[in-house]
Amino acid sequence: KGKIMKAEQILKDPTNTTINERRLFRLIYQYEILGQTYEVTEKTTYPEEYKMTEREVYNVDDPSKSVLFSNLPINIQRLIH
């Protein structure tokens, strides 16, 4: 089971890696469930496509397991939108 909530970007960190001449960034988002804080990390060469607040889907049985909503396949996004 998954649940959607908002996560706030707390870090946008360029790495030493480039892909197709674009710098790879590590983005860290933070969210809170029942007073406990969790983080989800995304790596991308297109950080400009990510907002400071993103929706994420977390596992209700284990809130430490989550994924940014925008990274789900589009057909899954349409099912749970």
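What you are looking at is a predicted structure, and each value in this text was computed from that prediction instead of being measured.
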**Item:** With I74 via side-chain contact (heavy atoms from CB on, under 4.5 Å) - residues at least two apart
**Value:**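 If we apply the side-chain contact (heavy atoms from CB on, under 4.5 Å) test to I74, skipping adjacent residues, the hits are Q77, R78.
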**Prompt:** Listed by chain and number, what are the side-chain contact (heavy atoms from CB on, under 4.5 Å) partners of K6, not counting sequence neighbours?
**Reply:**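 Only T53 meet the side-chain contact (heavy atoms from CB on, under 4.5 Å) criterion with K6.
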**Message:** Rounded at 0.5 Å granularity, tell me how far NZ in K3 sits from CG in N59.
**Reply:**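 It comes to 12.5 Å.
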**Item:** CD on E56 to CD on E8, rounded to 0.5 Å
**Value:**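 Here the rounded value is 11.0 Å.
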Check whether any side-chain heavy atom of [X] sits under 4.5 Å from a side-chain heavy atom of [Y], and report yes or no.
X   : Y   : answer
L27 : T44 : yes
T45 : R23 : no
F69 : I4  : yes
V40 : L68 : yes

Can you list everything that forms a side chain to side chain donor-acceptor pair (under 3.5 Å) with [X]? Sequence neighbours excluded, please.
X   : result
E32 : none
Q9  : Y29
E54 : none
D62 : S64

**Item:** Qualifying salt bridge (Lys or Arg N to Asp or Glu O under 4.0 Å) pairs, either residue in residues 38-48, two or more places apart
**Value:**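 Those involving residues 38-48 are R22-E48.
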**Message:** Which residues end up grouped with I10 if you chain together Ile, Leu, Val, Met, Phe, Trp and Tyr wherever their side-chain heavy atoms are less than 4.5 Å apart?
**Reply:**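 Cluster partners of I10: L11, I28.
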Just distance, no hydrogens or angles: give the donor-acceptor pairs under 3.5 Å from side chains in residues 13-21, sequence neighbours left out.
from, atom 1, to, atom 2, distance (Å)
D13, OD2, R26, NH2, 3.2
T15, OG1, T17, N, 3.2
T15, OG1, L24, O, 2.7

**Asked** Taking all non-hydrogen atoms of both residues, which atom of I76 and which atom of L72 are closest, and how far apart?
**Response**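 Nearest heavy atoms, I76 then L72: CG2-CD1, 4.3 Å.
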**Request:** Over all heavy atoms of both residues, which pair between G2 and V57 is shortest? Give the atoms and the distance, please.
**Result:**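 Looking at all heavy atoms of both residues, the shortest contact is CA-CG1, 4.1 Å.
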**Request:** Evaluate the criterion side-chain contact (heavy atoms from CB on, under 4.5 Å) for residue pair K65 and Y58; output intermediate values, then yes/no.
**Result:** CA-CA 6 Å; K65 295 180 180 173; Y58 71 93; over 6 Å; no
**Request:** Tell me whether L79 is reachable from V67 by hopping between hydrophobic residues (I, L, V, M, F, W, Y) whose side-chain heavy atoms are closer than 4.5 Å.
**Result:**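 As far as the 4.5 Å side-chain criterion goes, L79 and V67 are connected within one cluster.
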**Prompt:** For Y31, which residues count as a ring pair (Phe, Tyr, Trp, His ring centres under 6.0 Å) partner, sequence neighbours excluded?
**Reply:**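 Listed in chain order: Y38.
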